[in-house]
Amino acid sequence: MKKTKTFFNRTLWGFILLMALAGLLVSSCGKKASLPGTQTPQVTVIRVEPKDTPVSAEFVAQTQSSHQVEIRSRVDGFLDKREYVEGSFVKAGQVMFRMDAKPFQAQVEAAEGALSQQRARHNTAKADLARVKPLAKKNALSQKDLDDATGKEEEAAASVQTAKADVDQARINLGYTTIATPVSGLSSYSRVQEGSYINMQNSLLTYVSQIDPMWVCFSMSEDDMLKMRGQVKSGKIRLPKNTEYEVEITLADGSSFPNKGRITFADAEFNQETGTFLLRATIPNPDNALRPGQFVRAHILGAVRPGAILVPQRAVQEGAKGHFVWIVGKDNKAENRPIEVGDWQGNSWVVNEGLHSGDLVVVDGGQTLAPDKTVVIKATITDDSPAPPVALPKPDSKKPEAVNSPGQNGRS
């Protein structure tokens, strides 16, 4: 009897365990049937609102001294001394070099001696003429004697003028032995060492570059120029008043230069070799942070794109027929909307066609959508901050060739 009871208990517990396992299997199958594949997609959207958007054009540019002067020797002779520290800032009128002045001082003294000699001859000729004139009036001397005396006096006077010019030239040459800079700026290294003989072949001694203000030179292609004119004509872009563009620059490390400038020069014609149009901006550089020859990126500001529609770049997808976005339409149904994109900058596209004010564009979660599929809007992006500048057509990213702008170089 006891064995029968024990067998019954084991059978009962086995049946209970079997039913529990069956329940677990059923529960597991039920959970598997409700995996996320059938859940309603959740998306983040942005409401499209047209607004006036600043337009910027970015160009590869190069800094250039606004007044670079060649410091040259104007006379031949030996370089006696360098008076400046190479690479230092020099002020206008500061002496930079001195040449051996002794030969030039001797030339001045010789010219002054010749001038004194000619003046003595002139005085004698004037005295002779003064004696001849009254005698000629009394017919004591012939007219020829008067003419000869007059000619000698005029010849002596001309010789005095020539001697004066020689003295002036000698003094000028003596002054050229002291070489000063005509502008304030940064000095370069000395091309000629002390004690060297200077002549026409090695007359270049150094450079002085004025760096406040600084020039920023860049080129705009003919295609970009024509495209911009077409957008202005069609009303897609509105230019600033009196075309007073503002220019800001970005340095090589990505930082922005604190001072902004203006475009102050535009070349009269296109470069036939490169097909580009030279532009130049003038940037204040009071702290001498910019140096000539730096490559920077110039941003041209001032134009506006009226009523522009911008959407985040991640909201735009590209298919076989072009770009498109997902729209949340009536009854929260997903709609595939083809669009025509324009320029971009930062994280935004400019949409030329396809979107309208008030459209809800899917920003996140659009990868799994299908037409007429019901979606749940989990968040709506609001953009209360100023719109980022929209870039004009991207220029060629190649570094521009060095350009000698008009009025850059001078001589001293």
Side-chain angles (χ1 to χ4, degrees), residues 53-70 207 209-211 213-252 256-257 259-285 290-306 308 340-345 350 352 389-411:
T53 306
V55 178
S56 73
E58 183 180 276
F59 299 91
V60 176
Q62 190 173 19
T63 59
Q64 193 173 10
S65 169
S66 57
H67 192 179
Q68 187 181 74
V69 178
E70 296 177 348
Y207 288 93
S209 299
Q210 182 178 341
I211 58 176
M214 181 69 74
W215 284 349
V216 176
C217 301
F218 55 95
S219 297
M220 187 175 189
S221 70
E222 185 177 4
D223 291 341
D224 291 342
M225 178 71 76
L226 295 175
K227 184 174 181 180
M228 185 185 69
R229 288 178 179 174
Q231 292 180 338
V232 172
K233 187 175 181 180
S234 64
K236 294 181 178 179
I237 292 180
R238 186 172 64 243
L239 298 182
K241 185 178 180 181
N242 299 326
T243 62
E244 293 183 356
Y245 295 97
E246 193 173 43
V247 180
E248 63 179 18
I249 61 175
T250 302
L251 304 179
S256 297
F257 188 68
N259 300 323
K260 298 180 181 180
R262 300 281 184 182
I263 294 178
T264 54
F265 171 77
D267 206 348
E269 60 183 14
F270 281 91
N271 187 312
Q272 297 181 1
E273 296 180 357
T274 62
T276 57
F277 185 67
L278 176 64
L279 298 169
R280 185 176 70 206
T282 302
I283 307 289
N285 188 34
L290 295 177
R291 297 299 178 94
Q294 287 182 253
F295 283 99
V296 297
R297 303 196 75 85
H299 305 271
I300 314 304
L301 310 176
V304 174
R305 189 184 298 275
E340 178 186 323
V341 297
D343 307 316
W344 63 273
Q345 181 170 335
V350 176
N352 294 332
V390 178
L392 287 175
K394 291 184 178 180
D396 187 0
S397 61
K398 295 181 180 179
K399 292 181 178 179
E401 298 179 357
V403 179
N404 289 327
S405 297
Q408 175 191 3
N409 292 329
R411 297 186 61 182

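Just so it is clear, the model here is predicted, and its values are computed rather than measured.
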For Ile249 and Leu290, the nearest pair of non-hydrogen atoms, with its separation, is CD1-CD1, 3.7 Å

Could I get the full list of side-chain contact (heavy atoms from CB on, under 4.5 Å) partners for Pro213, not counting sequence neighbours?
Ser66, Gln210, Thr282

For Val296 and Val216: C-alpha separation, side-chain torsions, deciding distance, then whether side chain to side chain contact (heavy atoms under 4.5 Å, CB included) applies.
CA-CA 8 Å; Val296 297; Val216 176; 4.2 Å; yes

Test side chain to side chain contact (heavy atoms under 4.5 Å, CB included) applied to Ile300 and Leu279, step by step:
CA-CA 11 Å; Ile300 314 304; Leu279 298 169; over 6 Å; no

CA sep, side-chain torsions, deciding dist, call: Asp267, Phe265, side chain to side chain contact (heavy atoms under 4.5 Å, CB included)
CA-CA 7 Å; Asp267 206 348; Phe265 171 77; 4.2 Å; yes

My understanding is that only residues two or more places apart in sequence, or in another chain, count here; which of them pass ring-ring contact (aromatic ring centres under 6.0 Å, His included) with Phe277?
Phe270

Set of residues satisfying side-chain contact (heavy atoms from CB on, under 4.5 Å) with respect to Asp223, sequence neighbours excluded:
Ser221

To the nearest 0.5 Å, what is the distance between CG on Leu226 and CE on Met220?
9.0 Å

Residues which pass side chain to side chain donor-acceptor pair (under 3.5 Å) with Ser256, listed by chain and number, not counting sequence neighbours
none

Value for CD (Gln62) from CZ (Arg280), rounded to nearest 0.5 Å, stands at 13.5 Å

Looking only at heavy atoms, which two atoms of Gln64 and Cys217 are closest? And how far apart?
OE1-SG, 2.9 Å

Nearest heavy-atom neighbours spanning Arg305 and Val55
N-CG2, 3.4 Å

Look at the side chain of Asn285 and the backbone N and O of Met214, then say whether any donor-acceptor pair between them is shorter than 3.5 Å.
no

Quick one: are Met225 and Glu222 in side-chain contact, heavy atoms under 4.5 Å?
no

Of all residues at least two apart in sequence or in a different chain, which pass the side-chain contact (heavy atoms from CB on, under 4.5 Å) check with Val304?
Asp52, Arg238

Go through the steps to decide whether Leu278 and Asn271 satisfy the test side chain to side chain contact (heavy atoms under 4.5 Å, CB included), and finish with yes or no.
CA-CA 8 Å; Leu278 176 64; Asn271 187 312; over 6 Å; no

With a 4.5 Å limit on heavy-atom distance, are the side chains of Val60 and Arg297 in contact?
yes

Mind checking whether Ser219 and Phe59 have side chains closer than 4.5 Å, heavy atoms only?
no

Which heavy atom of Pro284 sits nearest to which heavy atom of Gly261, and what is that distance?
CD-CA, 4.3 Å

Could you state the interatomic distance from OG1 (Thr264) to CD1 (Ile283), rounded to the nearest 0.5 Å?
9.0 Å

Considering residues at least two apart in sequence or located in another chain, which fulfil the side-chain contact (heavy atoms from CB on, under 4.5 Å) criterion with Glu244?
Asn242, Arg262

Nearest 0.5 angstrom please: Lys260 NZ to Glu248 CD, how far?
4.5 Å

Can you give me the closest heavy-atom contact between Phe218 and Ala298, atom names plus distance?
CD2-CB, 4.2 Å

Thr63: which residues meet the side chain to side chain donor-acceptor pair (under 3.5 Å) condition with it, sequence neighbours left out?
none

Hey, could you give me the CD/CG distance between Gln231 and Asn352, rounded to the nearest 0.5 Å?
8.0 Å

